[in-house]
Amino acid sequence: MADRPITPWAMVYERLHAHFGAQDWWPAQSPFEVMVGAILTQNTAWRNVERAIGALRAADALSVFAILGMAEADLAQLIRPAGYFRVKAKRLRALCAFLAAQGVAADPGQLGRGQDPAALRQNLLVVHGVGEETADAILLYALDAAVPVVDAYTRRIGERLALLPEKASYREIQSAIAAEIPAEAAVLNELHALLVQLGKEYCRPRPRCELCPLRSLCPYAYP
DNA sequence: CTCCCGTTAA
DNA sequence: TTAACCGGAG
């Protein structure tokens, strides 16, 4: 997406990409690792997720079979650095049970092959511990489906830029973005990663508007 | 709405 | 010492 920005969200994309450069997400070595990371990063700093994934890898536990084959309490101890370790252990097991039931335990990247993303999303949402954001993160970053991922950063940034209504639902935000950004996985991938970066560095809960790359677009920073 | 929870920046 | 962290379930 290097052409002329037209819509507000496309403008945001252009500015962020110019400022931060390509983000090259998701940081993972396999689709399954993306899925695991998507669960582990729920309301958790990525730094701590890396430790948990490192522990899983060190224990040779980064597979559907390994996770289903170990005691939940042992799994919980391995992922302890990611926080919420007891609930997340249960969620990881639920995810793995789902992958096994879908017949893709040996190759989770095959999940949803020949199925449309909307149907797969519905199935994912049934899995314990998979909500809308986690489902969409899996669709986009593990399976390359052209689905916008909406998170707390997206909402905060969108609200401050006045691109979103105050109490917009997940689906409303997703639709607003989909209407303004090309339906290409590579672009939606990059957009979400860029928004996360902005949310961490500038558009924080206590914002740092002075050097924000979106300052001139933002009524919050520049009233 | 509250709980889940370790880790680190401020 | 607190606030925040690439949310979701009950």
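Below, chain A is the first sequence line, B the second, and so on; all start at residue 1. None of the values given here were measured: they were computed from a predicted structure.
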Assert: residue with more 5' nearest nucleotide on DNA chain C, out of Ala45(A) and Gly131(A), is Ala45(A)
Rounded distance (Å) that lies between atom [atom2] of [N] and atom [atom1] of [X]:
| X | N | atom1 | atom2 | value |
| --- | --- | --- | --- | --- |
| Ile39(A) | dG8(C) | CD1 | P | 8 Å |
| Tyr153(A) | dA4(C) | OH | P | 11 Å |
| Gln23(A) | dC6(C) | CD | P | 13 Å |
| Lys88(A) | dC5(C) | NZ | P | 14 Å |
| Asn189(A) | dC6(C) | CG | P | 17 Å |
| Glu50(A) | dG6(B) | CD | P | 19 Å |
| Arg156(A) | dC5(C) | CZ | P | 5 Å |
| Asn48(A) | dT7(B) | CG | C1' | 5 Å |

Minimum side-chain heavy-atom gap Asn123(A)-Gln115(A) below 4.5 Å:
yes
Expressed as a whole number of Å, how far does the P atom of dT7(B) sit from that of dG8(C)?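 Nearest-Å result for dT7(B) against dG8(C) at atom P: 23 Å.
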Fill in: dC6(C) and dC3(B), which share atom name P, separated by this distance in whole Å
23 Å
Check the interface with nucleotides 1-4 of chain B: list each N/O to N/O pair with the protein under 3.5 Å, or write none.
none

Spell out, as yes or no, whether a donor-acceptor pair under 3.5 Å connects the side chain of [X] to the backbone of [Y].
| X | Y | answer |
| --- | --- | --- |
| Glu159(A) | Ala168(A) | no |
| Arg93(A) | Leu68(A) | yes |
| Arg156(A) | Gly199(A) | yes |

Margin query: When you measure from the side-chain N and O atoms of Arg208(A) to the phosphate of dA10(B), is any distance below 4.0 Å, counting only OP1 and OP2?
Written below: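 Checking Arg208(A) against dA10(B): at least one side-chain N or O falls below 4.0 Å of OP1 or OP2.
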Problem set entry | Short side-chain N/O contact to dC6(C) OP1/OP2 from Thr154(A), under 4.0 Å |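 Checking dC6(C) against Thr154(A), no side-chain N or O comes under 4.0 Å of OP1 or OP2.
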Just to be sure I understand the rule, does [X] reach a base, reach only the sugar-phosphate, or reach nothing, if contact means heavy atoms closer than 4.0 Å?
| X | value |
| --- | --- |
| Val49(A) | nothing |
| Arg155(A) | nothing |
| Val150(A) | nothing |

- Query: Near DNA chain C, under 4.0 Å by heavy atom, which residues of residues 192-205 of chain A?
  - Reply: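 Here the set is Val196(A), Lys200(A), Pro205(A).
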Centroid distance under 5.5 Å and plane angle under 30°, Tyr141(A) vs dC6(C):
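Stack criterion not met.
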Looking at Asp116(A), I want to see if its CG is surrounded by more than 12 non-hydrogen atoms of other residues, nucleotides or ligands under 6.0 Å. yes
#### Entry: Arg47(A), CZ: over 12 other non-hydrogen atoms inside 6.0 angstrom
no
- Query: Is there a chain of hydrophobic side chains (I, L, V, M, F, W, Y, each step under 4.5 Å between heavy atoms) that links Trp46(A) to Leu194(A)?
  - Reply: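 Both belong to a single hydrophobic cluster.
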Item checked: Options dT7(B), dG8(C), dC6(C), nucleotide nearest the side-chain atoms of Thr134(A) ->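 The answer is dG8(C).
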Inter- and intrachain pairs under salt bridge (Lys or Arg N to Asp or Glu O under 4.0 Å), touching residues 137-155 of chain A, at least two apart
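For residues 137-155 of chain A, and leaving out neighbouring residues, there are no salt bridge (Lys or Arg N to Asp or Glu O under 4.0 Å) pairs at all.
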Review point. Which sits closer to the 5' end of DNA chain B, Arg47(A) or Gly83(A), going by the nucleotide each is nearest to?
Key: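 Its nearest nucleotide lies further toward 5', so the answer is Gly83(A).
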Review point. Which residue lies toward the 5' end of DNA chain B, Arg206(A) or Ala82(A), if each is placed at its nearest nucleotide?
Key: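 Whichever sits nearer the 5' end wins; that is Ala82(A).
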Exercise for the section: Over 60° means perpendicular and under 30° means parallel, so classify the ring planes of His192(A) and Tyr141(A), tilted if in between. Expected result: tilted
For the pair Arg208(A) and Glu201(A), find out whether any cationic side-chain nitrogen is under 4.0 Å from an anionic carboxylate oxygen.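 Salt bridge absent between Arg208(A) and Glu201(A).
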